[in-house]
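First comes the structure, then the notes that go with it.
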Number of protein chains: 2
Amino acid sequence: MENRTFKDSIYNAIAGLTKAFSHANRLEILDLLANGEKTVEQIAVQTAITVANASQHLQLLKNARLVKSRREGNFIFYGINGRKAYAAWQALRDLALEAEPAVQVTLRQFRGDTFLKGVASPQNALLLDVRPPDEFAAGHLPNALSIPIEELPQRLAELPRQKTIIAYCRGPFCTLADEAVQLLKANGFDAVRLEETYLDHKLLNDEIWQN
Amino acid sequence: MENRTFKDSIYNAIAGLTKAFSHANRLEILDLLANGEKTVEQIAVQTAITVANASQHLQLLKNARLVKSRREGNFIFYGINGRKAYAAWQALRDLALEAEPAVQVTLRQFRGDTFLKGVASPQNALLLDVRPPDEFAAGHLPNALSIPIEELPQRLAELPRQKTIIAYCRGPFCTLADEAVQLLKANGFDAVRLEETYLDHKLLNDEIWQN
DNA sequence: AATCTAATCAAGTAATTGTTTGAATACTTG
DNA sequence: CAAGTATTCAAACAATTACTTGATTAGATT
């Protein structure tokens, strides 16, 4: 094989893979799926696109081997396909967080500075997971309390008023924890948001990636 | 700001960044620039595209902050912009090497199995850097001997016949070391190719990323 | 078997991205 | 300051990618 042919072939194949990452909806889908399996319609609703469109993005992600699917009854559940798929997305995300002004500006505009980076869990704090129950069940930060965001208004009594509440959800671009912090503050709690999700820590131990 | 607006804005901004990675020529350019600064024409020649086309890809990479440029006389030298830019490309590359069959097949077809993964430098071996002198000067593996590929035919006498020669160049998709191994074997040497380049190790120590 | 549901497919159009060509710009050197 | 060189720009065309719509498929339920 010619050197040029070899390089063209390799770099085109890799570019084909990276193209799977280069669409806003697909990145959002990866973030979603990293937190647990979802059906096509759930994904479509969460990302505010049509079902057909979501299906097409999922096909593309599946062809790129970034996600996998399994059928259960009438539903097809999609999930992220392995540790390296998330690691690559994470590397791109971190690069953008560090180097892309548009990302920094939008984040600051939306969230201000009232969030934690990293999980140096303070002494006098409670870690609160506000994702849906199935996502909590699929994996969560150690010692976190699970109260899905919809139930939070009714379950404020369960939270200690003398502790700082650290809320987290699906990662830096998920808004569930932002809503939680807003609600908690409005009710007199000391609340702050953690940007990372459990996956960003779990990557260190391989346990959840046994696929 | 609306939740949906926030997410659209963020994911679109990141997708804009990842699009910079989703073209074969741009990936090849990143590999090149990671090994040292190059002028537009050098890049065009190496990647077998026109100068105007290379310039446009470089503009795009520069807008995405993956590369930076500086003028020196008539020339503009482009170089990779920081550690995380290379780290993201590395994460994508590793994902492709592990999960993309097209990449694996092409690599095997071109190179067979006669290469090393990782640099567990054996005792009785000599590490040979066959890249151009300026790239060697910009950074290299410890204890490596520099003989640019063009000079290799005339300088075979400098190499020990009782040792295994481990040749490396710009990374897994560079063909310089393959040519070297071929030449060395044809001349009776025991030669093998290392796929990684010095950057893949240097990432561990931060020294070279002081930009 | 008929019906229902979730998901996918196919086709058409819209939008974006890539490449080529030739001209223009920015800087250097004589 | 004129001439030369490396790079960029601009415009036109080509190729790819994305989204919508409506129909179809695959499996579950009755």
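All values reported here derive from a predicted model rather than from experimental measurement. The chains referred to below are lettered A, B, ... by the order of the sequence lines, with proteins before strands, and numbering in each begins at 1. When reading the values below, keep in mind they use all heavy atoms of this one structure, side chains included, and skip hydrogens, waters and symmetry mates.
Distance CG (N63(B)) to C1' (dG18(C)): 16 Å, rounded to an integer number of Å. For I76(B) and dT7(D), the CD1 to C1' distance is 6 Å, given to the nearest whole Å. Distance, E37(A) CD to dA7(C) C1': 16 Å, rounded to whole Å. Here the C1' atom of nucleotide dG18(C) and the CZ atom of F21(B) are 19 Å apart, to the nearest Å. Put simply, CZ on F77(B) is 17 Å from C1' on dT8(D), counting in whole angstrom units. The distance from atom CZ of F75(A) to atom P of dT5(C) is 11 Å, rounded to the nearest whole Å. The CZ-P distance, from R70(B) to dC27(C), rounds to 15 Å in whole Å. Here the C1' atom of nucleotide dG18(C) and the CG atom of N12(A) are 13 Å apart, to the nearest Å.
Within the structure, side-chain hydrogen bond (donor to acceptor under 3.5 Å, both in side chains) contacts touching residues 4-14 of chain B (residues at least two apart or in different chains) are E28(A)-R4(B), D31(A)-Y11(B), T106(A)-S9(B), R4(B)-D8(B).
When all heavy atoms of F189(B) and L156(B) are compared, the pair lying nearest together is CZ-O, 3.7 Å.
The local environment of CD in Q182(B) is sparse, with at most 12 non-hydrogen atoms from other residues, nucleotides or ligands closer than 6.0 Å. For Q46(B), the CD atom is densely surrounded, since the number of other residues' heavy atoms within 6.0 Å is greater than 12.
A heavy-atom distance below 4.5 Å is found between the side chains of L152(A) and L159(A).
For E37(A), the salt bridge (Lys or Arg N to Asp or Glu O under 4.0 Å) partners at least two apart in sequence or on another chain are R70(A).
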Seminar exercise, completed: Each nucleotide of nucleotides 17-30 of chain D classed B (base within 4.0 Å of a protein heavy atom), S (only sugar-phosphate) or -, in 5' to 3' order, makes SSBBB-----BS--
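Between Q59(B) and the phosphate of dT7(D), there is no side-chain N or O to OP1/OP2 separation shorter than 4.0 Å. A close approach under 4.0 Å does occur between a side-chain nitrogen or oxygen of Y78(A) and OP1 or OP2 of dT8(C).
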